[in-house]
Amino acid sequence: MADDLDERFARALHHASHGARANEALTAPLVLTSVYRLAGEPAGAHQYGRWSNPTWSALEEALAALEDAEVVVFPSGMAAVAAVYYALLRAGDRVLLPADGYYTTRALAEQFLGPLAVTVATVPTAQLAAADLDGARLVWIETPSNPGLDLADIAGVAARAHAAGAIVVADNTTLTPLGQQPLDLGADLVVCSDTKAVNGHSDVLFGHVATRDRALAARLRDWRKMAGAIPGPFETWLVLRGLETLEVRFERMCATAAVLAERLAAHPRVRDVRYPGLPSHPAHALAKRQMRRFGSLIGVTLADRHAAEALIDGCRFVRAATSFGGVHTAAERRARWGDAVPEGFVRLSVGCEPAEVLWRDLQTALDRL
Ligand SMILES: *Cc1c(COP(=O)(O)O)cnc(C)c1O
């Protein structure tokens, strides 16, 4: 039986066509304009290009159906993160960030919020459930964390954070709205880098924030309107197009990742495999409870840096690139960015290639190590 989230995705797909009048195009319009006709006293939906755009609205409405929330789109995941920071924080506030989450989320806070008298504290994702949340204005969750794939209990942390008077933000990039619904679990805001699986074609940077709190959504819209952190209509249109196939792509990617994770774990050259869907993951029980899919990212630890680079170089169908969530499988050695992972740790982003072809490719390269 189709569950609630399947229904939400179907609604997102059909959103634009349901409003169409006879003979109107069933695809969303790509509106490239900075100006709208605005005579006399300013009034009406569209007045200036920095304030609103019909292509943004089309994507926001589709994502809103999927998130079951209000959505505000941004030109990148980091623009979405920054909007949350600057729209919600004031001097004297304390923010709790994951120590092992996306690096730039932390760097932005430390370099630019610190000097504005916001206190930035960090805690490892796996220890967030036991962290001291007293006095926090914002509690940031990234689960599974990128790149270590540790988990935090969203419902548990949200309940404790709310009791302490904090706002809870979940960065849901690694799972997309189809893999996990943090708002259903109690988060106040979701941030997503749509650069990854939501667009899925590695040709656009994009982001969105979702919330069921109208006042928060209005504040984020004001921030976007005034700061000018606005997406281009063409990029927006491409994400709308990418979103249409998110469900088939993500299902395929997650199913292949599950197969590969199990086989990689059994290969003699592999020291460790981190994947929330494997019973060996330290939070597998939590993964089964809170995640609808286990994701398309696998952490693979090999003997050392040399073995990791040789695996990536030795594959025909694995792109050497940062980022993840695209239709092409990609991999990188994360220690090259200074992440707190072993030198031989490879983050494998599983794409849409046929699973057996990918496995033969990986196995051949591993056997040669
Ligand atoms: C990529 C990423 C971001 C930043 O997104 P951009 O679109 O690159 O600005 C934020 N959070 C996570 C978890 C990411 O993977």
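Both ligands and their constituent atoms are indexed starting at 1 by order of listing. All of these numbers come straight from a predicted model, not from anything done at the bench.
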Residues Glu309, Arg305: salt bridge by 4.0 Å N-O rule: no

Test: Lys196 cationic atom under 6.0 Å from Tyr102 six-membered ring centre, within 45° of axis: yes

Interfacing atoms of ligand 1 (cut-off 4.0 Å, heavy-atom, Thr195): 6 (P), 7 (O)

Polar atom proximity, Met78 to ligand 1 (N or O, under 3.5 Å): yes

Closest protein heavy atom to atom 6 (P) of ligand 1, given as residue, atom name and distance to 0.1 Å: Gly77 N, 3.4 Å

Identity and distance of the protein heavy atom lying nearest atom 1 (C) of ligand 1: Lys196 NZ, 1.5 Å

Salt bridge flag under 4.0 Å for residues Arg316 and Asp361: no

Proximity flag Thr174 to ligand 1, non-hydrogen atoms under 4.0 Å: no

Ligand-side contact atoms (ligand 1) for residue partner Phe324, heavy atom cut-off under 4.0 Å: 15 (O)

Residues Asp184, Arg212: salt bridge by 4.0 Å N-O rule: yes

Nearest non-hydrogen protein atom, atom 3 (C) of ligand 1: Tyr102 CE2, 3.4 Å

Lys/Arg N to Asp/Glu carboxylate O, Arg263 vs Glu356, below 4.0 Å: yes

Residue, atom name and distance, where the atom is the protein heavy atom closest to atom 13 (C) of ligand 1: Asp171 OD2, 3.4 Å

Heteroatom distance test (Ser193, ligand 1): nitrogen or oxygen, under 3.5 angstrom: yes

Check: Asn146 N/O within less than 3.5 Å of ligand 1 N/O: yes

Atoms in ligand 1 with a heavy atom of Thr173 nearer than 4.0 Å: 11 (N), 12 (C), 13 (C), 14 (C), 15 (O)

Ring center gap for Tyr85 and Trp140 short of 6.0 angstrom: yes

Asp6/Arg292 salt bridge by N-O under 4.0 Å criterion: yes

CZ (Arg241) with more than 12 external heavy atoms under 6.0 Å: no

Under 4.0 Å to a heavy atom of Phe206 - the qualifying atoms of ligand 1, by number: 7 (O)

Glu61 atom CD, over 12 foreign heavy atoms within 6.0 Å: yes

Geometric N/O contact Ala79 with ligand 1, under 3.5 angstrom: no

